There are 2 protein chains.
Amino acid sequence: MTAHTLRYYERVGLIQPVGRASNGHRRYSEADEAWLQFLHCMRATHMPIREMQRYAELRELGDSTSEARRKILEDHRSEIAAQIKRLEHAHALLDHKIANYKKIENRTRIGGPKEIEPPVNCEVGIAS
Amino acid sequence: MTAHTLRYYERVGLIQPVGRASNGHRRYSEADEAWLQFLHCMRATHMPIREMQRYAELRELGDSTSEARRKILEDHRSEIAAQIKRLEHAHALLDHKIANYKKIENRTRIGGPKEIEPPVNCEVGIAS
DNA sequence: TCTTGACTTTGAGCGCACTCCAAGTTGTAG
DNA sequence: CTACAACTTGGAGTGCGCTCAAAGTCAAGA
């Protein structure tokens with residue numbers, strides 16, 4: 001996280017105005033750091049800034065917003081689960097395609113294969 | 001994928017100029033569709049358009065670019081693996097936090113707990 | 001014949017999340 | 001005392017990936 005980003009997050013209300021040293025420089029408390037780490041983790045998993053703002057806002061309002069906050073987290077958790085699924089699917093697809101590329105490279109280096117193999121585009125989405 | 005996006009992809013060279021019906025409307029072949037599906041899968045896993053362009057370009061150049069293309073796919077596969085790791089970490093974190101929220105909600109509804117439990121912020125990044 | 005709707009084009013516009021610029025202040029090292 | 005680095009501010013700029021607007025063409029249906 002860059003200093004620019006930290007200031008940006010403060011500007012847009014993701015973090016409360018942070019403590020200052022006597023010279024006016026920002027001093028991040030451990031609580032600030034933990035919160036920033038959490039924000040970072042949410043951003044790294046593509047939670048929109050808007051949603052993080054909403055969460056931060058509720059957090060400021062205190063314990064009565066607990067359920068609303070939990071719902072936000074649950075929604076994001078679902079989103080994460082969906083992302084994982086997409087990624088795993090793509091990962092498998094790439095395994096398939098990479099293996100296919102290797103096969104092709106061997107063919108062209110050493111010569112034709114002993115048997116004619118079917119084109120490996122036997123699955124949707126394997127198009128070269 | 002919207003029609004807008006399809007035209008955009010054609011404009012930026014992700015797909016070759018596609019066939020037309022007699023009235024000038026685009027007609028996507030099955031090969032086009034398979035390729036688009038692949039592109040969609042890559043985008044859904046955050047491959048940048050730039051990299052997809054590079055891949056498409058190599059693909060047009062024919063078999064001699066096989067290794068370069070494979071490298072692109074391998075790089076993206078690594079990227080995907082890293083993403084999965086991040087997501088799984090975040091998922092576990094959210095499990096933790098959501099459980100904690102539920103605990104808090106039960107406490108406030110029913111009354112104090114029988115025993116004083118330690119605050120659940122026992123791990124980095126669990127800050128409310 | 002007229003209307004409707006789906007497509008066509010070029011080029012501009014938008015939302016997101018930063019990212020940087022310019023000008024100013026402060027603390028430290030030489 | 002001077003130079004420099006590291007911070008401060010408000011506001012502007014950037015890059016990505018779409019997304020839409022405006023004006024035009026064409027085919028089918030009432």
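This one's a predicted model, so the numbers in the text were calculated from it and none came from an experiment. Here is the naming used below: chain letters follow the sequence lines, and residue numbers restart at 1 for every chain.
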Margin query: In this structure, how many angstroms lie between the P atom of C/dC18 and the CG atom of A/Leu36, rounded?
Written below: 12 Å
Next item on the list: Using heavy atoms to find the nearest nucleotide of DNA chain D for B/Asn23 and B/Pro48 separately, return the residue whose nucleotide is more 5′.
Entry: B/Pro48
Check: Under 30°, 30 to 60°, or over 60°: which ring-plane class applies to B/Phe38 and B/Tyr55, parallel, tilted or perpendicular?
Finding: tilted
Notebook entry, point to check: Between D/dC18 and B/Tyr9, is there an OP1 or OP2 to side-chain N/O distance shorter than 4.0 Å?
Noted result: yes
Check: For B/Met52 and D/dG17, what is the distance between atoms CE and C1' respectively, to the nearest whole Å?
Finding: 10 Å
Check: Which residue lies toward the 5' end of DNA chain D, A/Glu10 or B/Tyr8, if each is placed at its nearest nucleotide?
Finding: A/Glu10
Next item on the list: Assess whether one donor atom and one acceptor atom, taken from the side chain of B/Arg11 and the base of D/dT19, lie less than 3.5 Å apart.
Entry: yes
Notebook entry, point to check: Is the shortest heavy-atom distance from the side chain of A/Asp32 to the side chain of A/Ile15 under 4.5 Å?
Noted result: no
Notebook entry, point to check: Rounded to whole angstroms, how far apart are CE on A/Met1 and P on C/dA17?
Noted result: 12 Å
Notebook entry, point to check: Between B/Met47 (CE) and D/dC16 (C1'), how many Å, whole number?
Noted result: 16 Å
Checklist line | Side-chain donor/acceptor of B/Gln53 to backbone N/O of B/Leu14, under 3.5 Å | finding: no
Note to self: Can you see if the side chain of B/Arg26 gets near the phosphate of C/dT9 - specifically, an N or O under 4.0 Å from OP1 or OP2?
What the structure shows: yes
Item checked: Check: A/Thr2 side chain, A/Thr5 main-chain N or O, donor-acceptor pair, under 3.5 Å -> yes
Notebook entry, point to check: Base, sugar-phosphate, or nothing: which does B/Arg43 touch, judged by heavy atoms less than 4.0 Å apart?
Noted result: sugar-phosphate
Note to self: Between C1' on D/dG17 and CD on B/Glu51, what's the gap in Å once rounded to a whole number?
What the structure shows: 15 Å
Check: What salt bridge (charged side-chain N to carboxylate O under 4.0 Å, His left out) pairs are there with at least one residue in residues 75-95 of chain A, not counting sequence neighbours?
Finding: A/Lys71-A/Asp75, A/Arg77-B/Asp95, A/Glu79-A/Arg86, A/Asp95-B/Arg77
Item checked: Atom-to-atom span, NE2 of A/His40 to C1' of C/dA17 - whole angstrom -> 14 Å
Check: Do B/His46 and B/His76 pass the ring pair (Phe, Tyr, Trp, His ring centres under 6.0 Å) test, and can you show the C-alpha distance, the side-chain angles, and the key distance before you say yes or no?
Finding: CA-CA 9 Å; B/His46 312 111; B/His76 187 54; 8.5 Å; no
Checklist line | Atom-to-atom span, NE2 of A/His25 to P of C/dT25 - whole angstrom | finding: 13 Å
Item checked: Rounded interatomic separation in angstrom, taking NE2 from A/His4 and P from D/dT8 -> 11 Å
Margin query: I'd like to check A/Arg43 versus A/Ile49 (side-chain heavy atoms, cut-off strictly below 4.5 Å). Are they in contact?
Written below: yes
Check: Bend angle of the helix from C/dT1-D/dA30 to C/dG30-D/dC1 from five-pair axes at both ends, rounded to 10°?
Finding: 10°
Next item on the list: Return no unless some side-chain N or O of A/Arg7 is found under 4.0 Å from OP1 or OP2 of D/dT9.
Entry: no
